[in-house]
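Note that the structure is a prediction, hence the values are computed from the model and not measured. Convention: sequence-line order gives letters A, B, ...; per-chain numbering from 1. What's counted below: heavy atoms across the whole structure, side chains too, no hydrogens, waters or symmetry copies.
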Amino acid sequence: MDKTYDPHTIEQYWYRTWEERGYFAPRPARPGAGSFCIMIPPPNVTGSLHMGHAFQDTLMDTLVRYHRMRGDATLWQAGSDHAGIATQMVVERQLAGEGNDRISLGRERFIERVWQWKAESGNAISGQLRRLGASLDWSRERFTMDRGLSRAVREVFVRLHDDGLIYRGKRLVNWDPVLETAISDLEVVAQEERGHLWHLRYPLAGSDGGPTAEYLVVATTRPETMLGDTAVAVHPEDERYRHLIGQRVCLPLTGRLIPVIGDDYVDPEFGTGCVKITPGHDFNDYAVGQRHSLPLINVFTPDARINDQAPEAYRGLDRFAARERIVGDLRAQGLLEAVTDHTLMVPRGDRTGEILEPYLTDQWFVRVKPLAEPAIAAVERGDIRFVPGNWARTYFEWMRNIEDWCISRQIWWGHRIPAWYDPQGNIYVGRSEAEARRRGGLPDEVSLEQDHDVLDTWFSSALWPFSTLGWPEQTEELRRFYPTSVLVTGFDIIFFWVARMIMMGLRFTGEVPFHDIYIHGLVRDSDGQKMSKSKGNVLDPIDLIDGIDLESLVVKRTRGLMQPQMAHSIEKATRRHFPQGIPAFGTDALRFTFAALASTGRDIRFDLNRVEGYRNFCNKIWNAARYVLMNAEGQDLGTDTEGRCLSQAERWVLSRLSRTIDAVHEHIAGYRFDLMAHALYEFVWDEYCDWYLELSKATLHDADAEPRSRRGTRHTLVRVLDSILRLLHPLMPFITEEIWQRAAPMLADSGHRPETICLQAYPEPGELVRDEAAEQEMDWVMGFILGLRRIRGEMDIAPGRPLPVLLQDADRRSRERVDAHRAYLDTLGRVESIRFITRGESPPQAATALLGRMKILVPMAGLIDTRAELQRLDRQMTKLRQDLERTQRKLANESFVQKAPAQVVDKERGKLDSLRQSLDELQAQRERIAALD
RNA sequence: GGGUGCUUAGCUCAGCUGGGAGAGCAUCGCCCUUACAAGGCGAAUGUCGGGGGUUCGAGUCCCUCAGCACCCACCA
């Protein structure tokens, strides 16, 4: 093995090998095991892997590899999403670059073009997932627009329509005037923005219908919509205006007469207490209009210009140009009373960022309430569990107030709605035109035209857990893997995706789509900022794996910005944050970092120092393995327990390993990847490397050690390493495989050559025995060595310098232990000699460490200065005294002694005794040294 | 306006059903000891956001205040 761990040389090789050998395809469950399935949240075909994906996919892969090793029939379903609007926008941008556009290309050719683009670059993300080590079953990869999934989409649409749960209706919807499509409520992001409140005068109409000198003042944030006003509303109880209800006002600029109505939607406290009502361009006004049977006038074209319903002067003007013109005209006529600053919530499209318009159009909707009820019940019953559990509240909150879902989109890329129209405009729904015709009893002569709209992308995503398994066919995979085990996803798509999967899953399979929903947090940058291209703070996971030099990173971050003027500050920040660029950390280090940061679903700040730390951990494992191989490869490990003798150190490390195994299982069952990573890190570094490997040297370097002991040690080194590799494999697949290939043959029965760690058994609780006795023995040994190290460290004695050691007040047990563990003490403590001080003998001036009753003394002559030792003792005693006082106070409290459990009280008493004793010993020692000085 | 979460060592965060405040990184010493300097050994570090309550006992439970973050919502 090379001296230094180099991730690059091993990762790509192993992934290719695993995939070629088909390790990721589900295998029959081992006896006693079950099945396990995760559906990958399908990434957009437009996408490339970002930190959120890398985080999420690491967690999923960890679960998947863990279950695969435990022998479950395991499927991690691969696939991607057609991402209608996002993908269409990408290809349209491409066309624009060629001086072309989708309209002149035509629908059919445009869609061909999207497919072509999908084929070329749509696989970028799957390549990146491979780099991440994600053990997806690529042989079953699906796409939301492939044949099978399209069939499932049509099936669901038709069935919901037949059941009256999908309908077509004319409604006010959120309209994106750039894309010229409707979008769902969820795709609207409301942003607080600074704007104005315009106070407009609407003259009251006289008996002749002409304007009078009196007027009502309405306050509005959108003066341009006044062209579509059909009423002015006041609160019915408002003393100021009550008497005007039923009268009419002259709508300026149009000359139309509109009524004054009373409606308690109006808040008399806000603005002027008079509200202009524009049912065609405001959701609230629409509702008011319905209540009062007001006409609805649409004054906008689909791209938000003024249409022909408005006075000629404004026609064709963009909505914002129209605003200026209208305000100007009103001012000129003396009808603008005031303009005040006002912050308001502006609805923008999540894709285009454009201000949306409420717009009256024909759309398709899903009637969601009947679907939501069982979906709520499933979570209430516990058939589905959110982890962490508090997300269930968010889910309930939304599901209980859910509105119908607008599923039609006026774009081209997506599942075309399976509905056809005859020349009279009658609707025929079917799985195909032929079926629609048959079901409608239409003769062939009648021409039918399919609906031009496509479905919301989330409609097909909602079917993902069962459509990918072959539904509506009752396939073997569906039987075996549905309901799936767990969904791993971010909180941001609970409404978009999670809730809808639950609704559709229950409706069409009668079962929940998954049992657990693990919600993870957002990956932020080291300052806690959201990562985004426009902020220029994104990290590409691949750059963390392979490394990237500063110049390339700067180029990458500043290229193709929406706001090119940001480039300079982004460059500056990047140079400050990464003066050396980013070193190559390797996939395993990155994965381990994600796991270690994944605590209880809260957002994580991604810090390069953390990755570096875990890269070092990889190196640690690598070097530990080198040590083990050096000492065991080709050596005699003993063929059976007869041929091996296990010392206390061996028993100890195996006992500690068994605790670690338990902890790992417990943590992964609770989705505490951070604790899992932490438990393994601690065992490997602190116990296996820092203690056991060092302890093993005592045996292996001892020329007098028995062959059986040496075999026991060698065997244990390899055996524990093997377990460590298996335990870590789900988190760090590459380095564990690489090392395991070398380590495993040493343990294998001759003739049986294991192929891959991916399919090895995961260490299970109960495989090893807890050995309390060995743990106690080694605690004593470590205490001894730590005492010496502390003296050495605090006295600045070089680690290599052998120390003469005197032991005072050693009881029989301690004498036996010194004898039994002498080799460990000599090797790890760098002990030159040990001598027991006899009773009555007065010890020389020495630095002291306390081990129970026994005092470990290092004579100071020539080594230590007295002053420093006195200070050292004082420090220790101060600590003990504080502890002692607290304990005394506690025990002096009668209520405590009476009311606290006896166990707790006893513990405090025991503590008091040992504290007193230690303090006495140290005090005596201090006096001795002080006296000798 | 409604809801959720957060506040613990210089930084990033653990701390489960209430019983002696922890980790990593950073810092400071001593060491290139034959697995590893991407390392070893040792050290220092906290009115657990403020206040109140329950309790023998509160970082942990309850109330309250403050600050921060996020989600939802139709005040023109």
Side-chain angles (χ1 to χ4, degrees), chain A residues 1 3-5 190 197 218-222 225 233 265-267 269-278 282-288 342 344-345 358 388 390-391 393-394 397-398 401 491-492 494-495 521-522 526 528 583 585 589 596-597 599-607 609-610 612-631 666 670 672 674-675 678 681-682 689-690 693-694 697 701 785-786 788-801 830 875 883 886-887 890 893-901 903-905 907-908 911:
Chain A
M1 280 172 82
K3 190 168 173 184
T4 302
Y5 155 69
L197 204 53
V218 299
T220 180
T221 55
R222 306 230 25 215
T225 64
Y265 152 67
V266 179
D267 174 5
E269 305 293 317
F270 186 88
T272 59
C274 299
V275 186
K276 62 188 272 303
I277 300 298
T278 323
D282 184 282
F283 289 103
N284 289 312
D285 294 5
Y286 182 82
V288 174
H342 182 67
L344 68 161
M345 296 301 274
N390 51 292
W391 287 108
R393 295 176 65 108
T394 306
E397 171 89 5
W398 188 70
N401 299 298
F491 59 86
D492 50 331
I494 289 179
F495 307 144
L522 204 66
S526 56
F585 294 116
L597 291 174
S599 61
T600 59
R602 70 188 228 173
D603 289 357
I604 61 176
R605 291 194 188 202
F606 197 84
D607 186 358
N609 292 326
R610 258 338 243 275
E612 192 184 339
Y614 294 126
R615 191 267 322 261
N616 295 352
F617 180 52
C618 292
N619 195 45
K620 191 75 181 172
I621 296 167
W622 186 263
N623 281 296
R626 282 180 59 225
Y627 169 81
V628 173
L629 289 170
M630 271 178 202
N631 285 288
E666 189 189 323
R672 287 302 301 268
D674 57 330
L675 299 181
H678 199 230
Y681 183 95
E682 275 193 331
C689 291
D690 284 351
L693 256 48
E694 295 305 320
K697 290 173 186 172
H701 294 176
I785 291 162
L786 286 171
L788 286 178
R789 282 179 181 169
R790 248 185 116 177
I791 291 173
R792 221 187 263 278
E794 288 173 0
M795 295 292 141
D796 288 351
I797 302 170
R801 177 164 181 172
R830 290 259 161 183
R875 265 206 310 277
D883 232 11
R886 206 174 337 153
T887 312
K890 218 168 183 180
N893 182 346
E894 270 181 51
S895 319
F896 172 73
V897 179
Q898 276 169 20
K899 296 188 182 173
Q903 208 185 344
V904 174
V905 178
K907 203 170 143 197
E908 288 296 316
K911 189 172 135 193

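When heavy atoms are screened at a 4.0 angstrom cut-off, A/Gly273 is found touching base atoms of the nucleic acid. Residue A/Thr221 is in sugar-phosphate contact alone, with no base atom involved, counting any heavy-atom pair closer than 4.0 Å across all strands shown. The residue A/Glu612 sits apart from the nucleic acid: no heavy atom pair falls under 4.0 Å. Nucleic acid contact class of A/Ile277 (heavy atoms, under 4.0 Å, all strands): none. A/Arg222 comes within 4.0 angstrom of no nucleic acid atom, judged by non-hydrogen atoms across all strands. Residue contacts for A/Phe283: at a heavy-atom cut-off of 4.0 Å it reaches no nucleic acid atom on any strand shown. Within the 4.0 angstrom heavy-atom criterion, no nucleotide atom of any strand lies near A/Leu597. Among the heavy atoms of the strands, none lies under 4.0 Å from A/Tyr614. Residue A/Arg615 is classed as a base contact, given a heavy-atom separation below 4.0 Å to a base. Counting non-hydrogen atoms under 4.0 angstrom, A/Asp285 reaches nothing in the nucleic acid. Residue A/Val628 is classed as having no contact, given no heavy-atom separation below 4.0 Å to the nucleic acid. Nucleic acid contact class of A/His678 (heavy atoms, under 4.0 Å, all strands): sugar-phosphate only. Within 4.0 Å (heavy atoms only), A/Arg886 reaches sugar-phosphate atoms of the nucleic acid but no base atom. Counting non-hydrogen atoms under 4.0 angstrom, A/Met345 reaches a base of the nucleic acid.
What separates CZ of A/Arg605 from C1' of B/U7 is a distance of 12 Å, to the nearest Å. Atoms CZ (A/Arg830) and P (B/G40) sit 16 Å apart, rounded to a whole Å.
Between A/Phe270 and A/His342, the ring planes lie perpendicular to each other; the angle is over 60°, past the 30° to 60° tilted range.
Taking only side-chain atoms of A/Arg393, from C-beta outward, the nucleotide of B/U4, B/G40, B/C56 with the closest atom is B/U4. Of the candidates B/C56, B/A14, B/C36, B/C36 carries the atom nearest the A/Lys3 side chain, counting heavy atoms from C-beta on.
With a 3.5 Å ceiling on both atom-pair distances, the Watson-Crick or G-U wobble partner of B/G39 is B/C31. Applying the Watson-Crick and G-U wobble criteria (two distances, each under 3.5 Å), B/U7 pairs with B/A66. B/U45: no Watson-Crick or G-U partner with both key distances under 3.5 Å is found in any strand. Pair assignment for B/A23 gives B/U12, based on Watson-Crick or G-U wobble hydrogen-bonding distances that are each under 3.5 Å.
Of the possible donor and acceptor atoms, one in the side chain of A/Asn631 sits under 3.5 Å from a partner among the backbone N and O of A/Tyr627. Although no hydrogens or angles enter the test, the distance criterion places no donor-acceptor pair under 3.5 Å between the side chain of A/Arg672 and the main chain of A/Ser599.
Between the side chain of A/Glu694 and the base of B/A35, at least one donor-acceptor pair of N or O atoms lies under 3.5 Å.
Under the 6.0 Å cut-off for aromatic ring centres, A/Tyr681 and A/Tyr614 qualify, their centroids lying closer than that.
The two atoms that bring A/Glu612 and A/Phe585 nearest to each other are CA-CE2, 3.7 Å, heavy atoms only.
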